[in-house]
Amino acid sequence: MITTQCIWKNGVLIPWQAAQIHVLTHGLHYGSAVFEGIRFYKTDKGSAIFKLKEHIQRFFYSAKQLGMQIPYNETQICQAIVETLQKSGCEEGYIRPLAFYGYGNMKVVPTADLPVEIIIACWPWKDYLSAPVVDVAISPFIRIHPQSTVADAKISGHYVNSILAGLAIQNTHYHEVLLLDAEGFVAEGSAENIFIVKNNRILTTPKGTILMGITRETVMQIAKDLNLVVEEKRFKPEEIYSAEEAFFSGTAVEITAIRSLDGQVIAQGNIGIITESIKTRYQKIVHGQVPAFHSALTWIEKEEVMTV
Ligand SMILES: Cc1ncc(COP(=O)(O)O)c(C=O)c1O
């Protein structure tokens, strides 16, 4: 992977290669960790982080579900992220804050004496999916059930569900998987939410089985600005086959059009007009070209990069 100068670990910026942990770290064994995926972009006024506050609010929400006391407040974590970007020497890319139960006790249920450790890393990361318009397969694995876990928390252990779903399409022509819920309704992709367009109305899966995506929320704001109606309503895969357009949203994938589902091409198999207009506006917003969204950006003042 592409490395940068430093990683923030428990309050201190250290060289990238020095950011190590003990093999008996609780989070490594049981997935008892929470994380965020945030993007920052080059703009005319320097680099800017998109929706930092919202991501850090979700980070703390996820930690709370695991009974995890993060030894910093939201403002301090935001400041630490800004400092990590400034010292990393990276102008555009991806930010990964992670909080995990550390080393000290191997009981499954974390005990009060177990330390909570925090790291923040950033690195350049361009396209997450390997094509701009993707072929998708329905996974035989259903999305984690809301009665088995807190499905809207970004808990590391949840991602085994995404990993198993994704492994099944490795070495096939599919670019991504779609997970259904226990009743056969569409939940989401392995790392992204889904939208479809039918009769010029936009549908997306409601709260319940999904991660409440920050990009999903941005798509809904954009749609409103473009006078498009978005309904949060459950739908089955059959509705995707007959949709006019379908697309994924997520910090990593941004807005990515879906060409086909289980081999059935959706409409003409191209990026549709509505998807294209939402994607274009999204790119303008994150690159600081839409003044109405400037408050969603945290601009980074340039500082001297850390030398290692
Ligand atoms: C399972 C899952 N769903 C949806 C999303 C999209 O969320 P966001 O738009 O906040 O990145 C992600 C990405 O973090 C994800 O991992």
Side-chain angles (χ1 to χ4, degrees), residues 31 33-41 49-63 65 81 93-99 121-122 125-129 134 136 138-139 141-146 148-167 169 175-181 185-196 202 204-223 230 232 234 246-258 275 278-279 281-283 285-286 293 296-298:
V34 300
F35 70 97
E36 273 304 316
I38 312 168
R39 274 195 186 272
F40 61 113
Y41 295 88
I49 309 170
F50 186 56
K51 293 205 168 173
L52 176 60
K53 208 173 90 206
E54 288 82 345
H55 280 283
I56 296 312
Q57 276 167 357
R58 189 171 66 187
F59 187 57
F60 276 74
Y61 167 77
S62 302
Q65 309 315 308
I81 286 175
Y94 189 82
I95 307 162
R96 169 56 53 85
L98 172 82
C122 68
W125 200 357
K126 285 206 175 300
D127 300 327
Y128 180 82
L129 293 172
V134 292
V136 177
I138 297 176
S139 172
F141 292 101
I142 59 161
R143 163 87 177 141
I144 46 169
H145 196 283
S148 302
T149 184
V150 186
D152 65 352
K154 205 166 164 65
I155 295 173
S156 298
H158 288 173
Y159 281 80
V160 171
N161 181 227
S162 296
I163 291 168
L164 290 172
L167 281 175
I169 58 151
H175 304 101
E176 183 51 305
V177 285
L178 182 67
L179 290 93
L180 308 183
D181 69 16
F185 288 96
V186 172
E188 60 182 347
S190 70
E192 54 282 304
N193 297 118
I194 184 166
F195 288 81
I196 62 170
I202 304 176
T204 193
T205 308
K207 184 178 167 71
T209 53
I210 60 167
L211 184 80
M212 297 300 281
I214 289 160
T215 321
R216 176 183 178 276
E217 183 62 36
T218 308
V219 168
M220 297 207 274
Q221 291 173 318
I222 294 173
V230 183
E232 294 176 78
R234 297 198 302 173
F247 63 91
F248 283 132
S249 73
T251 299
V253 305
E254 301 174 315
I255 309 298
T256 299
I258 300 173
T275 309
I278 291 173
K279 185 182 169 115
R281 186 148 172 97
Y282 184 79
Q283 286 301 325
I285 288 169
V286 296
F293 275 84
L297 293 165
T298 304

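Read the numbers this way: they start at 1 and go in the same order the structure lists the ligands and their atoms.
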Problem set entry | Ser249-ligand 1 polar pair, N/O distance under 3.5 Å | no
Problem set entry | Stepwise side-chain contact (heavy atoms from CB on, under 4.5 Å) test for Val177 and Ile138 | CA-CA 6 Å; Val177 285; Ile138 297 176; over 6 Å; no
Exercise. Just distances here: any N/O of Glu188 and N/O of ligand 1 closer than 3.5 Å?
Worked result: yes
Problem set entry | Salt-bridge present (Glu36, Arg96; N to O < 4.0 Å) | no
For this session: Run the salt-bridge test on Arg234 and Asp181 with the 4.0 Å N-O cut-off and return the result as yes or no.
Result: yes
Seminar exercise, completed: Per-atom filter on ligand 1: closer than 4.0 angstrom to a heavy atom of Gly213 are 7 (O), 8 (P), 9 (O), 10 (O)
Exercise. Is the Phe35-Tyr159 ring centre distance short of 6.0 angstrom?
Worked result: yes
Exercise. Backbone or side chain, does any N or O of His55 fall under 3.5 Å from an N or O of ligand 1?
Worked result: no
Problem set entry | Polar side-chain atom of Asn193 near backbone of Glu188 as donor-acceptor pair, under 3.5 Å | no
Exercise. Any idea how Phe50 and Tyr282 line up, ring-wise: parallel (<30°), tilted (30 to 60°), or perpendicular (>60°)?
Worked result: perpendicular
Exercise. With a 4.0 Å heavy-atom cut-off (strictly under), which part of His158 contacts ligand 1: side chain, backbone, both or neither?
Worked result: neither
Exercise. Is there any N or O on Met212 that sits under 3.5 Å from an N or O of ligand 1?
Worked result: no
Seminar exercise, completed: atom 16 (O) of ligand 1 has as its nearest protein heavy atom Tyr159 OH, 2.5 Å
Problem set entry | Donor-acceptor under 3.5 Å (Thr215 side chain, Thr251 main chain) | yes
Exercise. Short N/O distance, under 3.5 Å, between Thr215 and ligand 1?
Worked result: yes
For this session: Kindly determine whether Glu192 and Ser249 satisfy side-chain contact (heavy atoms from CB on, under 4.5 Å), including the steps that lead there.
Result: CA-CA 5 Å; Glu192 54 282 304; Ser249 73; 5.8 Å; no
Exercise. Are Thr205 and Glu232 linked by a side-chain donor-acceptor pair shorter than 3.5 Å?
Worked result: no
Problem set entry | Protein contact to atom 11 (O) of ligand 1 [nearest heavy atom, distance to 0.1 Å] | Thr251 OG1, 2.6 Å
Problem set entry | Identity and separation of the nearest protein heavy atom to atom 12 (C) of ligand 1 | Ala191 O, 3.3 Å
Problem set entry | Ser190 and ligand 1 - part of the residue with a heavy-atom distance under 4.0 Å | backbone
Problem set entry | Under 3.5 Å: N/O of Lys154 near N/O of ligand 1 | yes
Problem set entry | Atoms of ligand 1, numbered as shown, that sit under 4.0 Å from any heavy atom of Asn193 | 4 (C), 6 (C)
Exercise. Can you find a non-hydrogen atom of Glu217 under 4.0 Å from ligand 1?
Worked result: no
